[in-house]
Protein chains: 2
Amino acid sequence: MQGDSVTGPATGAAPLKRDSLQQQIYDRVFDGLVSGSYLPGQVLSTRGMAQELGVSAMPVREALTRLTAEGALELTSSRTLRVRVLTPEDFDEITAIRVNLEGMAGERAAQQVTEPDLDRVRTLHAELTTAAQGVETDRYLAANAAFHDGIYRAAQWPLLLSMIRRLWLTVGPAIRNSVPDHQHMATSMGYHDDALQALAARNAAGLRAAIVGDIETAAQGIRARLAEPPETPRPRTG
Amino acid sequence: MQGDSVTGPATGAAPLKRDSLQQQIYDRVFDGLVSGSYLPGQVLSTRGMAQELGVSAMPVREALTRLTAEGALELTSSRTLRVRVLTPEDFDEITAIRVNLEGMAGERAAQQVTEPDLDRVRTLHAELTTAAQGVETDRYLAANAAFHDGIYRAAQWPLLLSMIRRLWLTVGPAIRNSVPDHQHMATSMGYHDDALQALAARNAAGLRAAIVGDIETAAQGIRARLAEPPETPRPRTG
DNA sequence: GGGCGCAAACTGCGATCGCAGATCAACGAT
DNA sequence: ATCGTTGATCTGCGATCGCAGTTTGCGCCC
């Protein structure tokens with residue numbers, strides 16, 4: 001509980017708190033959920049995280065409350081907070097909405113994309129390709145999220161982006177749980193390549209098709225391994 | 001609605017607080033925003049609302065923080081909290097997403113609707129018709145929100161419903177600000193009648209068309225009066 | 001040695017206090 | 001009478017404390 005590290009975590013040259021503490025914590029956990037740092041069923045505690053971050057329980061609490069309200073976390077019957085475990089019905093609904101919204105964002109991105117945007121997406125695609133070739137799971141998951149995010153950001157519709165990110169927030173841990181193998185990454189990279197080409201060609205329908213294909217094929221693998229949350233049972237002295 | 005009893009509002013036989021205080025406050029303000037009880041630019045204060053409700057500032061704060069994060073409220077430069085004032089660009093984006101998601105919900109509602117659902121929607125439609133005929137603005141706005149909500153609820157997709165409700169949350173005050181007149185209500189009721197018939201006939205395409213027509217025609221009137229927030233400017237001495 | 005029980009240590013939630021920054025009102029000077 | 005300045009009071013945000021309920025783990029009893 002060092003009071004000196006409250007205002008500035010050990011981030012080196014970080015100047016000051018640009019946002020409120022709860023917002024920084026929210027963003028941190030948000031990114032962790034999207035990029036696969038958390039597993040379904042994993043228990044989180046307000047005070048525990050507060051102690052890790054060197055802050056009081058209050059901002060952590062508000063951040064986790066928001067994530068709970070957004071469906072990323074859930075409160076168990078014993079008032080414990082954990083990463084939400086999706087049912088197949090939950091997952092199918094999320095996938096259907098993702099197809100709709102991400103397809104919409106892709107169409108608009110193809111119309112609105114600028115050259116700087118395109119360069120950024122190309123860079124993200126290169127990183128994703130590298131991660132896929134090396135079958136580096138963690139790196140692949142983070143790069144995959146960043147690649148999709150880069151495309152949707154080019155659509156220049158902040159609300160649509162935030163709604164898509166909210167969906168990723170919920171499926172992130174499930175994706176992590178399905179631990180994509182080489183086969184999965186290879187087929188998915190086919191869609192990613194198509195998506196990049198369609199974006200560069202300003203081909204709205206093509207970009208939508210590539211995105212929808214990516215989502216729906218990936219969903220099959222994720223859904224199959226949905227009922228295997230390896231974090232929930234803690235038999236003894238975990 | 002005096003909050004003389006903190007733990008138990010005057011809900012009669014309500015046993016205890018079914019939800020947390022912050023959730024109750026969130027729901028309360030949420031409904032107020034959707035059904036048009038708040039105007040764009042209207043200032044809200046944590047401590048003020050806490051005093052009105054007879055609770056401490058804490059649960060109010062968390063509720064309003066969530067609404068701010070969801071884009072319903074905004075923090076001014078002077079750290080004052082107010083109902084968000086939409087720009088035309090904001091509004092166009094919201095409308096486009098609404099067309100997409102509410103059309104999707106309508107299609108699925110037409111496929112999933114049960115007889116009890118249909119009865120409920122019929123009742124809501126009757127109430128809406130009454131309010132429109134009497135040109136009772138407040139009643140019409142609340143009934144309109146309830147009618148749409150009833151249809152989307154029949155789709156049996158809770159996440160989709162919550163995302164639609166989040167959009168209504170943001171446009172609610174703007175709709176209120178446009179004070180629909182008799183002409184607006186009359187044309188809108190045409191689409192509402194079509195929607196009810198399509199739902200009863202399980203006509204997915206027809207229901208989507210009615211919903212999209214309703215949204216897009218209403219959007220024209222709302223957008224036109226968007227730049228007239230009568231609450232923002234306070235020239236001198238209130 | 002094995003099963004039971006109670007207390008300590010967790011959990012989230014609400015209340016209260018204090019801080020830094022901004023607004024506003026009232027007072028004093030010109 | 002008008003302008004400038006200052007203090008009281010507002011704002012949101014974080015820390016700390018306390019409450020009620022649940023889980024857990026150590027010690028006691030059989």
Side-chain angles (χ1 to χ4, degrees), chain A residues 1-9 16-27 29 41-69 72-84 232-238, chain B residues 3 5-9 15-27 29 41-69 72-84 232-238:
Chain A
M1 218 78 83
Q2 318 288 2
D4 53 351
S5 65
V6 172
T7 52
L16 285 176
K17 51 176 184 182
R18 50 190 188 290
D19 290 328
S20 65
L21 262 180
Q22 73 162 95
Q23 185 61 40
Q24 296 178 47
I25 296 167
Y26 176 88
D27 291 338
V29 180
Q42 182 174 341
V43 173
L44 300 179
S45 115
T46 303
R47 287 178 173 86
M49 185 176 295
Q51 196 166 4
E52 289 180 7
L53 299 178
V55 300
S56 87
M58 167 119 331
V60 178
R61 198 173 111 183
E62 305 205 341
L64 298 187
T65 300
R66 281 172 53 190
L67 290 167
T68 305
L73 309 178
E74 61 186 357
L75 208 50
T76 68
S77 58
S78 64
R79 304 205 306 177
T80 313
L81 209 52
R82 67 175 194 182
V83 178
R84 179 173 171 198
T232 312
R234 189 171 47 179
R236 250 317 176 61
T237 66
Chain B
S5 65
V6 173
T7 53
L16 285 177
K17 50 175 185 182
R18 51 197 187 287
D19 290 328
S20 64
L21 263 181
Q22 72 162 92
Q23 186 60 41
Q24 296 179 45
I25 297 168
Y26 176 89
D27 290 339
V29 180
Q42 183 174 342
V43 173
L44 301 179
S45 113
T46 302
R47 287 177 174 88
M49 185 175 295
Q51 195 166 4
E52 288 178 10
L53 300 176
V55 300
S56 87
M58 167 119 331
V60 177
R61 196 173 113 183
E62 304 205 340
L64 298 187
T65 300
R66 281 172 53 191
L67 291 167
T68 305
L73 309 178
E74 60 186 359
L75 207 51
T76 68
S77 59
S78 63
R79 303 206 305 180
T80 312
L81 210 52
R82 67 174 194 182
V83 179
R84 178 173 171 198
T232 314
R234 190 170 47 177
R236 249 320 177 59
T237 67

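Remember, it's a predicted structure, so these values are computed and weren't measured experimentally.
In this entry the distance linking CD1 of I25(A) with C1' of dG14(D) reads 10 Å, nearest Å. Between the CG atom of L73(A) and the P atom of dC13(C) there is a distance of 12 Å, given to the nearest Å. M49(B) has its CE atom 10 Å from the P atom of dG12(D), to the nearest Å. The interatomic distance linking R79(A) (CZ) with dT24(D) (P) rounds to 15 Å, in whole Å. As rounded to whole Å, 16 Å separates atom C1' of dT23(D) from atom CZ of R82(A).
Within the nucleic acid shown, Q22(A) comes within 4.0 Å of sugar-phosphate atoms alone, with no base atom in reach, counting heavy atoms only. The residue S78(B) sits close only to the backbone: its heavy atoms come under 4.0 Å of sugar-phosphate atoms, none of a base. Within 4.0 Å (heavy atoms only), L81(B) reaches sugar-phosphate atoms of the nucleic acid but no base atom. Within the 4.0 angstrom heavy-atom criterion, only backbone atoms of the sugar-phosphate kind lie near L44(A); the bases stay farther away.
Not one N or O on the side chain of E62(A) forms a donor-acceptor pair closer than 3.5 Å with the backbone of E62(B).
Below the 3.5 angstrom threshold, one finds no donor paired with an acceptor across the side chain of R61(B) and the base of dG14(C).
Look at S56(B) and you won't find any side-chain N or O under 4.0 angstrom from OP1 or OP2 of dG14(C).
Of the candidate nucleotides dA15(C), dG12(C), dA15(D), dG12(C) has the atom lying nearest to any side-chain atom of T46(A). Comparing atom distances between the L21(B) side chain and each of dC13(D), dT16(D), dG14(C) picks out dG14(C) as nearest.
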